[in-house]
Amino acid sequence: MTILGAAIIGCGAIAPLHAKAIAAQSGGQLLAAVDIDVAKAAVFGEEYGCGALTDYKELLNRSDIDIVHLCTPHDLHAQMAVDLLQAGKHVLTEKPMAVDLPSAQRMLKAAEHSKGQLGIVFQNRYNEPSIKIKETIESGVLGPLVCMKGVVTWYRSPEYYKESNWRGKWTSEGGGVLINQTIHTLDLLQWFGGEISSVQGSVSTDVLDGVIEVEDTAHACINFRNKVRGLFYGSNAYLVNSPVELEIVFEQGTLLLRRDCLYLWKDGRETLLSEPGVSGIQGKSYWGTGHQRLIHDFYDHVREGRPFWIDGSEGLKTLELIAGIYSSSGIEKKTHPWQTAPSN
Ligand SMILES: NC(=O)c1ccc[n+]([C@@H]2O[C@H](COP(=O)([O-])OP(=O)(O)OC[C@H]3O[C@@H](n4cnc5c(N)ncnc54)[C@H](O)[C@@H]3O)[C@@H](O)[C@H]2O)c1
């Protein structure tokens with residue numbers, strides 16, 4: 001089997017999950033860890049047995065590096081991805097792919113002209129309930145999809161924003177709860193529902209005013225072309241990280257995700273369809289535990305020369321949904337970059 005050489009840029013909170021996933025397969029080897037903070041790069045390199053660098057541009061001419069994982073602040077993803085794709089590297093970027101739509105488009109263009117692939121980390125698509133919901137929609141076994149509801153109520157403390165100073169700011173985070181925490185659930189809703197025809201959203205800062213510039217709470221009504229409607233509520237203003245809740249209503253039954261268990265409600269009876277197993281897969285449960293599965297799948301696609309399915313265009317769809325929520329919410333033009341998003 002071809003061993004793909006890997007590098008991780010950004011040695012912060014999420015990076016260990018990537019390093020462990022690379023190590024947990026036989027087809028990849030972590031060769032370099034890059035962080036602008038020299039001490040962080042060194043500690044990470046020591047821990048995962050790879051080289052340590054401070055400038056990602058040193059990766060561009062390295063023939064031993066095939067895949068680069070972007071685990072950096074949001075506003076850095078686009079330029080790094082473009083540079084790496086232009087150098088022929090495969091890029092797996094953490095969500096969101098970018099902090100505005102033009103940057104995301106630049107990434108798509110770079111991927112189009114590169115021998116490298118661009119993959120986006122939406123690991124919740126690999127959760128068993130997500131796969132079952134998607135299969136139920138596609139098989140039509142419960143009849144047509146009617147409407148969907150997604151609820152994310154999490155807690156992010158003021159300390160969380162102080163730990164990494166790019167968080168909580170329009171320029172570097174690109175938004176708040178929408179673009180950072182609830183992006184996974186919005187991605188699932190757009191994946192399930194298909195093409196979106198209009199969005200009406202609302203955002204507010206309910207408890208973190210003075211700590212962050214961006215929103216900590218948002219809701220949206222999402223209308224899909226096929227007449228399906230999605231309602232969404234997300235907030236970092238809760239006091240615990242509750243499991244994501246989904247309700248997917250079909251003409252002949254309803255799928256419910258509660259406490260990571262998927263239930264079918266049909267003919268007045270509830271049936272358990274799936275529950276979290278003891279899979280040994282790493283990841284905080286409220287992040288979803290599909291990181292390792294997604295990373296291994298990306299490597300398999302690269303090795304076999306097959307296009308990875310969660311590519312730049314998939315990342316862009318979710319970013320467009322987020323842009324639609326921001327631009328319809330009427331927040332002050334001067335404070336955020338999303339008013340340039342296409343209006344709906
Ligand atoms: N998929 C998920 O569920 C999930 C969960 C958490 C975080 N994330 C994503 O992972 C990314 C990183 O988040 P985090 O929480 O690990 O952030 P973090 O602040 O903990 O880590 C970011 C690291 O990037 C480094 N960095 C900053 N500028 C750099 C540069 N120019 N070159 C190299 N390194 C640089 C910082 O020094 C820091 O170590 C974000 O996109 C975030 O949204 C995804």
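Each ligand, and each atom within it, is numbered from 1 in the order the structure gives.
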Numbered atoms of ligand 1 (with element) below 4.0 Å of [X], judged on heavy atoms:
{"X": "H74", "value": "40 (C), 41 (O), 42 (C), 43 (O)"}
{"X": "H77", "value": "41 (O)"}
{"X": "K40", "value": "38 (C), 39 (O)"}
{"X": "G12", "value": "16 (O), 20 (O), 21 (O), 23 (C), 39 (O)"}
{"X": "H291", "value": "1 (N), 2 (C), 3 (O)"}
{"X": "T72", "value": "11 (C), 12 (C), 24 (O), 34 (N), 35 (C), 40 (C), 41 (O)"}
{"X": "I9", "value": "33 (C)"}
{"X": "S164", "value": "18 (P), 19 (O), 20 (O)"}

Exercise for the section: With side chain to side chain donor-acceptor pair (under 3.5 Å) as the test, would you mind laying out the steps for N223 and S197 before giving the verdict? Expected result: CA-CA 6 Å; N223 293 303; S197 56; 5.6 Å; no
Distance-only criterion, 3.5 Å: show the donor-acceptor pairs between side-chain atoms of residues 45-56 and protein atoms not counting sequence neighbours.
unit_1: D55; atom_1: OD1; unit_2: K57; atom_2: N; d: 3.0
unit_1: Y56; atom_1: OH; unit_2: D83; atom_2: OD2; d: 2.5

Problem - Over all atoms of both residues, closest heavy-atom pair of M97 and A104 - result: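 In terms of heavy atoms, the two residues are closest at CE-O, 3.8 Å.
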Fill in the blank from the handout: Heavy-atom closest pair (V99 atom, T171 atom, distance to 0.1 Å) is CG2-O, 4.1 Å
Is there a nitrogen or oxygen of [X] sitting under 3.5 Å from a nitrogen or oxygen of ligand 1?
{"X": "A13", "result": "yes"}
{"X": "A15", "result": "no"}
{"X": "Q123", "result": "yes"}

Expected output: side-chain [X] to main-chain [Y] donor-acceptor under 3.5 Å:
{"X": "S172", "Y": "H74", "result": "no"}
{"X": "K89", "Y": "I65", "result": "yes"}
{"X": "S202", "Y": "H219", "result": "no"}
{"X": "D206", "Y": "D216", "result": "no"}

Handout entry: E163 heavy atom under 4.0 Å from ligand 1
Key =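 Outside the 4.0 Å threshold, so no.
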Handout entry: W166 heavy atom under 4.0 Å from ligand 1
Key = yes
Nearest candidate to [atom], where distance is taken over non-hydrogen atoms, out of [options]:
{"atom": "atom 16 (O) of ligand 1", "options": "N180, I120, I14", "answer": "I14"}
{"atom": "atom 41 (O) of ligand 1", "options": "Q79, H69, K95, H18", "answer": "K95"}
{"atom": "atom 14 (P) of ligand 1", "options": "M97, R167, H184", "answer": "R167"}

At under 4.0 Å between heavy atoms, is it the side chain or the backbone of [X] that contacts ligand 1, or both, or neither?
{"X": "L76", "answer": "side chain"}
{"X": "L70", "answer": "neither"}
{"X": "M80", "answer": "side chain"}

Handout entry: Y326 ring center near W170 ring center (under 6.0 Å)
Key =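 That pair passes the under 6.0 Å test.
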Practice task
Mark yes when over 12 heavy atoms from residues, nucleotides or ligands other than R229 sit less than 6.0 Å from its CZ; otherwise mark no.
Solution key: no
Completion exercise
Cluster membership besides L256, Ile/Leu/Val/Met/Phe/Trp/Tyr side chains within less than 4.5 angstrom, sorted by chain and number, is Y263, W265, L272
Handout entry: same_hphob_cluster(V302, L108) at 4.5 Å side-chain heavy-atom cutoff
Key = yes
